[in-house]
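A quick note: this is a predicted structure, and the numbers were derived from the prediction, not measured.
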Amino acid sequence: MIIISILKVIGITLLVILGTLVVLLLLVLFVPFVYKANGYRKEGMDAYICVNARVSWLFRLVRVIFTYPGKPQIKVKLLFFTIYNSERKEKKKLRKTQKNKGKDSGEKKEDGKKEKSRKEERQIRTLTIEESVQEEVETASDGTENTGESSKTPFFKSLKEKIISFFEKIRLTILEFCAKIKNANSQYEKLTSEINYYIGIWNSEECQRALALCVTKLKRILKSIMPKVFRLNLVIGTGDPASLAKILEIYSIIYPYVGKTIIVIPDFDNSVIYGDFLIRGRVTSWIILWNAFRLYRDRNIRKVIAMFRKD
């Protein structure tokens with residue numbers, strides 16, 4: 001009975017652990033990650049832009065917060081507790097560097113004394129080496145003066161050798177040039193064969209089907225990731241009415257596709273740029289994983305990868 005009760009307890013704990021893991025997996029797959037970012041720039045502001053970004057999950061149970069300007073600061077929070085804060089790490093690093101500076105200053109003084117003694121020893125060694133080298137040079141010069149007259153070669157013999165070496169160099173350069181032409185022809189043939197091989201892969205039915213599937217699946221993934229809310233309000237002024245008119249022409253072309261999400265207000269008098277933006281969206285994990293799994297298990301994609309590996 002004791003063994004059965006122990007086995008029951010072990011089984012219940014294992015079932016609880018498995019159940020919690022399954023629940024966590026389902027939450028990660030089906031509960032979306034919500035992201036939001038807003039920023040602004042006011043007229044005459046020192047910073048180029050101010051940004052506040054946030055990623056939250058499970059009804060803001062887990063939050064990642066990013067703030068800028070100044071030093072970019074990242075915080076990770078679980079409920080009301082901060083798990084990670086980049087500002088605290090920077091403060092700890094500064095304290096460590098200040099402590100190390102005090103230690104290094106004492107060590108540098110001792111190292112300076114040692115370096116002075118080493119320099120003096122090196123100077124003494126160099127002086128002794130120079131004296132020995134001068135003695136060897138003097139002895140060598142005495143020997144060469146005696147043997148210089150007997151080692152002279154005739155003028156015509158040296159001229160003949162120079163002419164032979166000159167024509168030999170010409171022959172070698174011609175042979176190298178011919179070898180390079182042969183290698184260029186072989187490389188050109190290899191390149192053309194490789195290009196034809198890849199064109200054949202591109203025109204194959206498997207490659208076209210794989211490309212069509214990749215395009216459809218990537219569209220779905222991008223659709224799930226793209227922000228649901230996007231607003232941008234800009235006040236633009238270049239100081240030159242002609243250049244500002246060109247910007248407004250481009251904006252008029254984009255306006256039918258963009259609508260009221262991007263609003264551009266021109267300023268013909270001043271050279272300024274300021275405004276604000278808002279981005280909001282969500283990412284669901286199972287959509288990305290499912291589409292990626294479909295791409296991984298597709299036969300046509302595997303065949304195309306095998307064709308490239310064969311080469």
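- Put simply, NZ on K246 and CG on D240 are 8.5 Å apart, with the number rounded to the nearest 0.5 Å.
- Considering all non-hydrogen atoms of both residues, T261 and V258 come closest at OG1-O, 2.8 Å.
- Tracing side-chain contacts under 4.5 Å through hydrophobic residues (I, L, V, M, F, W, Y), one reaches L191 starting from I199; they form part of the same cluster.
- A donor-acceptor pair under 3.5 Å links the side-chain atoms of Q208 to the main chain of W202, judged by distance alone.
- Dense packing is recorded around CZ of F33, with more than 12 heavy atoms of other residues, nucleotides or ligands lying under 6.0 Å away.
- For the pair F66/K75, no side-chain contact is recorded, criterion being any heavy-atom separation below 4.5 Å from C-beta on.
- Looking only at side-chain heavy atoms (C-beta outward), D298 and L295 stay at 4.5 Å or farther from each other.
- The shortest heavy-atom contact between L248 and F268 is CD1-CZ, 4.1 Å.
- L222 is linked by a side-chain contact (heavy atoms from CB on, under 4.5 Å) to nothing, counting only residues two or more places apart in sequence or in another chain.
- Within 6.0 Å of atom CG in L172, more than 12 heavy atoms from other residues, nucleotides or ligands are found, so the atom counts as buried in its surroundings.
- Contact detail for V304 and A210: the closest heavy-atom pair is CG2-CB, 4.4 Å.
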Is there a side chain to side chain contact (heavy atoms under 4.5 Å, CB included) between L61 and L79 once you walk through the steps?
CA-CA 5 Å; L61 182 71; L79 285 174; 3.3 Å; yes

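- L7 and I2 are not part of a single hydrophobic cluster, where members link through side-chain heavy atoms under 4.5 Å apart.
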Show your reasoning for whether side chain to side chain contact (heavy atoms under 4.5 Å, CB included) applies to V272 and Y274.
CA-CA 7 Å; V272 291; Y274 60 91; 4.0 Å; yes

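- Summarising the local packing, CZ of R60 is surrounded by 12 or fewer heavy atoms from other residues, nucleotides or ligands at distances under 6.0 Å.
- Summarising the geometry, atom OG1 belonging to T216 is positioned 8.0 Å from atom CG belonging to L218; distances are rounded to the nearest 0.5 Å.
- Residue pairs meeting the ring-ring contact (aromatic ring centres under 6.0 Å, His included) criterion with at least one member in residues 219-252, sequence neighbours excluded: Y251-Y255.
- Remark: E205 engages R209 in a salt bridge (Lys or Arg N to Asp or Glu O under 4.0 Å) (not counting sequence neighbours).
- In this structure, the separation between CZ on R302 and CZ on R297 is 4.5 Å, given to the nearest 0.5 Å.
- Between C214 and I301 the shortest side-chain heavy-atom distance falls below 4.5 Å.
- More than 12 heavy atoms of other residues, nucleotides or ligands shown are found within 6.0 angstrom of CZ on R63.
- Distance CD/Q73 to CG/N52: 10.5 Å, rounded to 0.5 Å.
- The shortest side-chain heavy-atom distance between L14 and V16 does not fall under the 4.5 Å cut-off.
- The cluster map of Ile, Leu, Val, Met, Phe, Trp and Tyr, joined by side-chain heavy atoms under 4.5 Å apart, puts F59 and L24 in different clusters.
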Output side-chain donor-acceptor pairs under 3.5 Å for residues 276-291, partner residues at least two apart or in another chain, one line each.
residue : atom : partner : partner atom : Å
D276    : OD1  : N233    : ND2          : 3.2
S285    : OG   : V28     : O            : 3.1
N291    : ND2  : I287    : O            : 2.7

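- For K303, the NZ atom is loosely surrounded, since the number of other residues' heavy atoms within 6.0 Å does not exceed 12.
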Please assess L234 against I262 for the test side chain to side chain contact (heavy atoms under 4.5 Å, CB included), listing each intermediate value before the final yes or no.
CA-CA 8 Å; L234 275 176; I262 298 171; 5.6 Å; no

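- Remark: the backbone N or O of D269 is paired with a side-chain donor or acceptor of D267 at under 3.5 angstrom.
- Counting only N and O atoms by type, the side chains of T238 and S243 include a donor and acceptor under 3.5 Å apart.
- In this structure, the side chain of S86 engages the main chain of I74 through a donor-acceptor pair within 3.5 Å.
- No side-chain heavy atom of I273 sits less than 4.5 Å from a side-chain heavy atom of V235.
- Counting heavy atoms from C-beta on, the side chains of K36 and V55 never come closer than 4.5 Å.
- Residues Y197 and M307 form a side-chain contact, since some pair of their non-hydrogen atoms from C-beta on lies under 4.5 Å apart.
- Under the side chain to side chain donor-acceptor pair (under 3.5 Å) criterion, T13 pairs with no residue at all, not counting sequence neighbours.
- Remark: S224 pairs with no residue by the side chain to side chain donor-acceptor pair (under 3.5 Å) rule, at least two apart or across chains.
- Shown here for K223 and K228, the closest heavy-atom pair between the two residues is O-NZ, 3.9 Å.
- Residue V34 is not grouped with residue L29 when hydrophobic side chains (ILVMFWY) are merged at heavy-atom distances under 4.5 angstrom, including chains of intermediate members.
- The CG atom of L18 sits 12.0 Å away from atom CG of L25, with the distance rounded to the nearest 0.5 Å.
- With hydrophobic clusters built from ILVMFWY side chains whose heavy atoms lie under 4.5 angstrom apart, L213 does not share a cluster with L211.
- Annotation for E206 and N300: closest pair O-CB, 3.5 Å, computed over non-hydrogen atoms.
- Using a 4.5 Å heavy-atom cutoff, the side chains of L27 and W57 are in contact.
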Determine, step by step, whether I236 and I265 satisfy the side chain to side chain contact (heavy atoms under 4.5 Å, CB included) criterion, reporting the C-alpha distance in whole Å, the side-chain angles of both residues, the deciding distance to 0.1 Å, and the verdict.
CA-CA 6 Å; I236 298 172; I265 300 163; over 6 Å; no

